[in-house]
Structure formats: C-alpha cells, structure tokens
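Report on the structure given below.
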2 protein chains.
Amino acid sequence: MDSGYVTLEQVAEHAGVSLATASRVINGSTRQVSQRLRDRVTASAQELGYLANASAQTLARNSSSLVGLLVHDIADPYFSSIAAGVTRCAEEQGLVLVLGSTGRSAQKEGRVLAALRSHRAKAVILVGSRSTDEESNARLAREIEAFRRQGGRVACVSQPGLPADTVSPDNASGAAALARHLMGLGHRRFAILAGPSDLRTARERLDGFHGALSAAGLELDHNNVMHGAFTRDGGYESTRRLMTLGTDATCMFAVNDVMATGAMAALRDLGMKVPEDLSVAGFDDIPTLRDLTPALTTVRLPLEEMGEQAAGLALDADHEGDFRVVTVPGEVVARESTAPPTVR
Amino acid sequence: MDSGYVTLEQVAEHAGVSLATASRVINGSTRQVSQRLRDRVTASAQELGYLANASAQTLARNSSSLVGLLVHDIADPYFSSIAAGVTRCAEEQGLVLVLGSTGRSAQKEGRVLAALRSHRAKAVILVGSRSTDEESNARLAREIEAFRRQGGRVACVSQPGLPADTVSPDNASGAAALARHLMGLGHRRFAILAGPSDLRTARERLDGFHGALSAAGLELDHNNVMHGAFTRDGGYESTRRLMTLGTDATCMFAVNDVMATGAMAALRDLGMKVPEDLSVAGFDDIPTLRDLTPALTTVRLPLEEMGEQAAGLALDADHEGDFRVVTVPGEVVARESTAPPTVR
DNA sequence: CACGTCCCGGAAAACTCTTTCCCAGAGTAG
DNA sequence: CTACTCTGGGAAAGAGTTTTCCGGGACGTG
C-alpha cells in the first residue's frame with residue numbers, strides 16, 4: 001500500500017525499456033513502437049497502477065486538457081442548461097471542464113480568464129451577453145486575444161461582436177416572430193419587461209419585438225417599457241411598478257422566461273388572471289419552467305444544443321480562418337399564458 | 001506585442017535578481033526578501049505582464065489549486081443550486097473549480113476522479129447520493145482513499161456513509177415532520193412517489209415518512225408506493241401509473257420537488273385539481289420551482305449553503321481527525337398544494 | 001578581535017513528462 | 001558489395017517552477 005505516486009520512469013524500468021519508449025507507448029505519439037515493447041509497457045503500467053501526472057504533461061506539451069466555461073450564474077437554469085451541453089461535449093473528448101461563475105462582474109471574469117491562461121487551457125467558452133459598455137467589451141476583447149495568442153481557442157454563446165467563434169440565438173427574429181404571433185391573437189397594445197437597458201441580449205429582443213410592431217403600424221408606448229434586472233425578482237418588481245403606474249396593454253412580453261415567471265407571480269399577487277386579464281409571453285423556453293401554470297408562451301431556444309455547438313466550435317482544432325457565427329433560430333411556442341384580448 | 005510567455009526567469013533577469021529570489025517574492029514563501037529587491041521584482045513582474053505557469057507550479061509543489069465538484073446532472077436545479085454555493089466558496093479562496101457531470105454513472109465518476117488525481121487537485125466534493133449498491137460504494141470508497149492518499153481532501157453532500165466529511169440533509173426527520181404536518185391537515189391515506197428503490201436519499205425520505213405514519217398508527221398501503229425515476233418525467237410517469245391503477249389516497253408525497261412537478265403536471269393532464277382532488281407535497285424547495293401553481297408544499301433545504309458548507313469542510317486544511325458530519329435540518333414549508341382532504 | 005549566529009541572496013537539484021537528436025541494424029537499389 | 005534509406009530504440013535536453021543547500025556579510029558577545 002504505497003502512498004506515493006507511480007511515475008513513468010518506474011513503469012519504464014519495470015518494463016525494461018527507456019523512458020522515451022514508455023512515453024511513446026502511453027500517449028500514442030507519432031512514433032512507432034514494436035508490438036512486443038508496447039505490450040510490455042502497457043502491462044507494466046497496468047500492474048503498477050500508473051496514472052500520468054497531468055501537470056508534467058501540460059508543462060512538457062505546453063497545452064492542457066482543460067476547457068473553461070464562464071457563466072454569469074450557474075444556478076440560473078438558462079446557464080445550467082447550456083452548461084449541461086458543454087459538459088457533455090467536453091466529456092466526450094476526454095477534457096476536463098473548469099467552471100467559472102462570474103456574477104456579471106468583469107473583474108471576476110478577468111480573474112478566471114487569467115487562471116485559465118495560467119493553466120494553458122485548451123479553450124474557453126463564454127456564455128451570456130455582457131453589457132453594451134464599449135470599454136469593458138474592449139478589455140474583454142483584449143483578454144480574449146491574449147488567451148488566443150497563448151494557443152487557446154475561444155467561443156461565445158449569446159455574445160456576438162467579440163473576436164471569437166459565436167453561437168448566437170436570433171433574438172431579433174425570434175422576438176419579431178413572437179410579436180407577430182401575439183398580434184395575430186388580436187393584441188394591439190403591449191407592455192414590455194425589457195431587462196437592463198445595457199444588456200445586449202435584452203436589447204436585441206426588445207428591438208426585434210418593437211420592429212415587428214412598427215412594421216405592422218403599431219406604436220409602442222414608452223410608459224409601457226419597463227427596464228429592470230434580468231432575473232425573476234427583476235420581473236416581479238418591474239411588473240408591480242408597471243401595474244402601479246397603470247397600463248393599457250393587453251399583453252406583456254418579458255424578454256426572458258425567468259422575468260416572465262416573476263411577472264406572473266406579481267400578477268397573481270395583484271389578483272390578476274393570466275391570460276384573461278393580461279397575456280404574458282417570455283423568451284428561452286427554460287425546461288424547468290415548462291410546468292408553470294398557465295404554461296408560458298415563449299420562444300424556444302435549444303439551450304443544451306447551443307452549449308454543445310459552442311463547445312464544438314471551440315474544440316474543432318483545425319479551423320483557422322475567420323470567426324464563425326452560428327445563428328440559432330428561435331421557435332415560437334404558443335401555450336396558455338397568451339390568449340386573444342378580452343373585449344372590454 | 002510578444003506572442004509568447006513571460007517566465008519567472010525573465011522577470012528575475014529584468015529585476016537583476018536570481019530566479020530563487022523572484023520566486024520567493026512572487027509567491028510569498030516563508031523566506032524573507034529585502035524590501036528593496038521585493039519592490040524591484042514586483043515592478044518587473046508588473047511591467048512584463050508576468051503570469052505564473054500553473055502546471056509548472058503544480059509540478060514543483062505537487063499540489064494544485066484545482067477543486068473538483070461532481071454532480072449527477074448540472075441542469076437539475078437541485079445540483080446547480082448546490083454548485084452555486086460551492087463555486088462561490090471556491091472563488092473566494094482563489095481556487096479553480098472543475099465540474100464533472102456524471103449522469104449517475106459510476107464509470108464516468110471514476111474517470112473524473114482519476115483526472116482530478118492526475119491534476120493533483122486539492123479537494124473534491126461529491127454531490128448527490130449514490131445507489132445503495134454495496135459493491136459500487138466500496139469501489140467509490142477505494143477511489144476516495146486513493147485520492148486522499150495523494151494528499152487530496154474529500155467531502156460529500158447527501159451521501160453519508162462514505163469515508164469523508166459529509167454534509168447531509170436530515171431526510172428522515174424532514175420527511176417525518178412533513179408527514180406529521182399532512183396528518184395534521186387531516187390526511188390519513190397517502191400515496192408516495194418514492195423514486196428509485198436503491199437510491200439512498202429517496203429511501204431515507206420514504207422511510208422517514210413511513211415511520212411517522214406508523215408512529216401515528218397509520219398503515220401505508222403497498223399499492224400506494226410507486227417507485228420510478230428521480231426526475232420530473234419519473235414523477236409524471238409514476239403518477240399516471242398510480243392513477244391508472246387507482247388509489248384511495250387523499251395526499252401524495254413525492255420524495256423530491258422535481259418529481260412533484262411531474263406529478264402535478266400529470267394530475268393536470270388527468271383533469272384533477274390540486275389540492276382539491278389530491279394534495280401534493282415535495283421535498284427540497286428548489287428555488288426555480290417556487291413559482292409553480294399551486295405553490296408546492298415541501299421541505300426546505302438550504303441548498304446553496306449546503307454547497308458552501310461542503311466546500312468549507314473540504315478546504316479546511318487543518319483538520320485531520322475523524323470524518324465530520326454536518327446534518328442539515330429541513331423545514332416544512334406549507335403552501336397551497338396541500339389542504340385538508342375533501343370529505344366525500 | 002575572534003567566534004558564533006542570523007539574515008538573505010544565489011546556484012542547482014528536483015518535480016515528471018515530451019520530444020529532439022543520435023545511432024545501430026535491417027532492408028533496398030544500383 | 002557499397003551506399004543509401006528506413007525503422008525503432010535510447011540518451012538527454014528541455015518545459016517553468018519551488019526548495020534545499022551553501023556561502024558571505026552584518027551583528028552581537030565574550
């Protein structure tokens with residue numbers, strides 16, 4: 001019961017070959033090794049219970065098997081769904097996933113990125129849109145460049161515009177399609193829970209929705225657009241505020257499902273019925289939230305697949321050219337939370 | 001604009017000191033370095049943009065700043081909540097979190113554990129109960145031992161009985177308290193969605209609930225205990241099965257919230273009203289599921305805190321004695337999904 | 001003033017791999 | 001039969017840190 005480590009040198013000695021040969025057998029390099037020695041080495045490794053020292057390998061190869069995943073909040077089902085896709089993909093390739101939860105802090109993000117660089121991570125996947133603040137985006141772009149210069153690959157989800165491969169939902173089109181669907185039900189006056197005004201994803205969904213209304217000749221009353229946090233509680237708060245101020249809307253669009261969840265809770269607390277008193281629609285189609293009642297009309301995004309795709313982009317080593325952008329369409333899913341407006 | 005790396009040697013040269021001195025300054029070893037040299041080194045490091053090579057450090061120190069977190073499924077809100085707590089704690093200590101999603105496969109679990117060993121991870125946190133299968137538990141125990149022999153620390157959440165520090169919810173007491181609460185409402189005949197029969201957590205909750213019923217002189221009809229998957233769909237399926245077979249229960253206990261969610265969906269699809277036709281209670285109090293209607297009566301567990309506590313146990317370096325067990329009490333939260341039984 | 005002690009700087013070994021370079025032997029073409 | 005090319009094995013040079021060990025100077029004591 002030795003408590004120490006078995007090194008490759010010990011394996012080599014046990015097998016009666018040189019260190020070089022042992023290394024070539026264990027990691028399957030380009031060089032050939034005769035079947036005889038090959039068997040001897042694998043048998044010895046097996047017998048001694050050899051486990052390679054990952055840091056030594058990383059040091060020697062100057063490249064590790066680590067892959068980074070940066071999300072804002074892993075407890076948010078939006079991110080955890082994407083994370084599940086990334087995990088699956090990383091595991092398939094025998095890579096080790098490093099999870100960073102940044103809480104939307106650019107500083108934390110920088111720290112994690114530096115740690116990944118310091119570990120010579122093979123790739124990093126940045127999930128979730130940053131602010132539209134030019135300066136912090138520029139800093140992020142620089143960090144990405146530094147990462148890439150060191151031989152790492154970078155992919156983003158939901159953050160187009162960065163110097164990296166990107167998987168991005170078509171927020172504008174999805175929101176526009178949703179708007180058209182809702183207009184088709186007969187709605188003419190909308191309220192929007194628009195999330196933070198400087199968040200790219202929120203902004204695109206708002207603009208897409210707004211654009212479709214305009215195209216149909218409808219105005220969007222400024223008083224009906226509420227900005228607030230991109231969370232369940234943000235949706236709750238914004239809705240209460242909206243209702244306190246009063247609104248003539250017959251339908252409310254929350255730019256993501258968790259905000260819509262908060263909205264429905266607020267309406268319930270206010271004694272309003274969805275969809276009878278007000279229709280509510282969201283965006284994302286978070287799996288865990290599909291069991292809400294009334295079931296939420298929303299725009300479905302294949303979150304897990306998006307995670308897988310991003311991982312695929314980041315790990316597809318032999319691509320060198322321009323940055324690829326995969327646009328993921330959203331699909332309107334009509335459920336019970338929306339209905340034709342009640343005639344008053 | 002060099003595309004390469006800055007090494008400590010370059011920093012040392014730039015500062016006009018030896019490699020040893022530079023190392024002592026940068027990582028703050030036990031040895032003293034004069035203020036003068038200290039300043040010179042930090043200035044040089046700053047100026048050159050030095051970033052330590054983590055694998056070289058790991059190799060030299062034989063210990064890394066990696067911490068592993070093993071969950072069954074990161075998309076499950078139970079695990080992602082706990083993960084959020086662990087992440088926070090790890091980040092505070094400047095550690096890098098490695099996420100492994102095992103999908104309840106002992107084999108995958110073994111692979112991730114080996115990877116962590118190979119990286120000389122400082123600690124690993126195993127979340128979620130394994131099966132009650134003796135053999136796979138023994139194998140896991142051996143892996144844990146191997147990990148610890150290499151100097152790593154181990155903590156578990158919800159998996160007592162392993163040779164490691166443990167944070168464990170008091171499943172039996174929580175379920176018993178819930179049972180008493182439901183009996184207090186007037187229920188006498190219960191149905192139970194019991195999850196997999198070989199899953200420790202599920203079993204404990206079932207036994208705790210059952211025990212409280214027995215203590216009150218109530219029988220639990222075997223036909224009213226449904227085993228099935230520990231998931232939303234498992235809950236859905238089990239409920240449909242139960243209803244097809246027919247039941248005299250007035251109240252249903254699902255051993256976790258996600259199963260309860262599936263149960264409520266199934267009841268809705270069958271045209272039954274909760275709680276009028278049947279009361280439903282769950283366990284865990286998953287934050288994302290708090291907005292279900294009717295709101296779910298459940299047993300609240302402080303999931304994020306549990307994650308933090310586990311991380312705390314695993315990272316509290318100067319504890320050497322026996323395995324510590326932190327038992328986390330659950331608190332019954334009465335909501336709308338349960339009500340006194342309707343007199344028929 | 002001689003001697004021991006302390007403090008701090010540097011040289012070099014150690015950590016465990018990968019990979020380059022060299023070499024011996026076998027096979028092949030002329 | 002010579003000269004050349006392959007093939008596969010081994011020695012050794014890295015990769016970037018940490019840490020041990022050694023030594024020189026300052027300081028205090030007798």
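Sequence lines set the chain letters: A, B, ... in the order given, protein chains first and strands last, and positions in each chain run from 1.
- Residues passing the side-chain hydrogen bond (donor to acceptor under 3.5 Å, both in side chains) test with A:Gln35, sequence neighbours excluded: A:Asp39.
- In this entry the distance linking CZ of B:Arg120 with P of C:dC15 reads 12 Å, nearest Å.
- The CZ atom of A:Arg61 sits 17 Å away from the P atom of C:dT16 (whole-angstrom rounding).
- Between B:Ile125 and B:Cys156 the shortest side-chain heavy-atom distance does not fall below 4.5 Å.
- Comparing B:Leu59 and B:Ala20 against DNA chain D, the residue whose closest nucleotide sits nearer the 5' end is B:Leu59.
- In this entry the distance linking CD of B:Glu9 with C1' of C:dA11 reads 12 Å, nearest Å.
- Contact annotation: A:Asn53 does not reach the phosphate of C:dC15 (side-chain N/O to OP1 or OP2, under 4.0 Å).
- Straight-line distance from the NE2 atom of A:His119 to the C1' atom of D:dA15: 17 Å, rounded to whole Å.
- Taking a cutoff of 4.0 Å between a charged side-chain nitrogen and a carboxylate oxygen, A:Arg153 and A:Asp165 qualify as a salt bridge.
- Residues A:Leu51 and B:Thr21 both approach DNA chain C. Their nearest nucleotides, taken by heavy-atom distance, put B:Thr21 toward the 5′ side.
- Under 4.0 angstrom from either OP1 or OP2 of D:dT7 there lies no side-chain N or O belonging to A:Gln32.
- Remark: A:Gln57 is in phosphate contact with C:dT18, judged by side-chain N or O atoms under 4.0 Å from OP1 or OP2.
- With A:Leu95 as the fixed residue, the side chain to side chain contact (heavy atoms under 4.5 Å, CB included) test singles out one of A:Val67, A:Thr87, A:Leu66: A:Val67.
- Side-chain atoms of A:Arg24 lie closest to C:dT19 of the nucleotides C:dT19, C:dC17, D:dT17.
- To the nearest angstrom, C1' of C:dA11 lies 10 Å from CG of B:Leu19.
- Residue whose closest nucleotide on DNA chain C sits further toward the 5' end, between A:Ala52 and B:Val33: B:Val33.
- Side-chain N/O atoms of B:Tyr5 include none lying less than 4.0 angstrom from OP1 or OP2 on D:dT17.
- Counting only distance, with no hydrogens or angles, the side chain of B:Ser81 and the backbone of B:Glu304 share no donor-acceptor pair below 3.5 Å.
- For B:Ser23, no side-chain nitrogen or oxygen approaches OP1 or OP2 of D:dT17 to under 4.0 Å.
- Counting to the nearest Å, the C1' atom of D:dG16 and the CG atom of B:Asn62 are 16 Å from each other.
- Between C:dG9 and B:Ser34, a contact under 4.0 Å exists linking OP1 or OP2 to a side-chain N or O.
- If you take CZ of A:Arg31 and C1' of D:dT7, they are 8 Å apart, rounded to a whole angstrom.
- Atom pair B:Leu8:CG and C:dC15:P shows a separation of 20 Å (rounding to whole Å applied).
- Here B:Leu37 lies in heavy-atom contact (under 4.0 Å) with sugar-phosphate atoms only.
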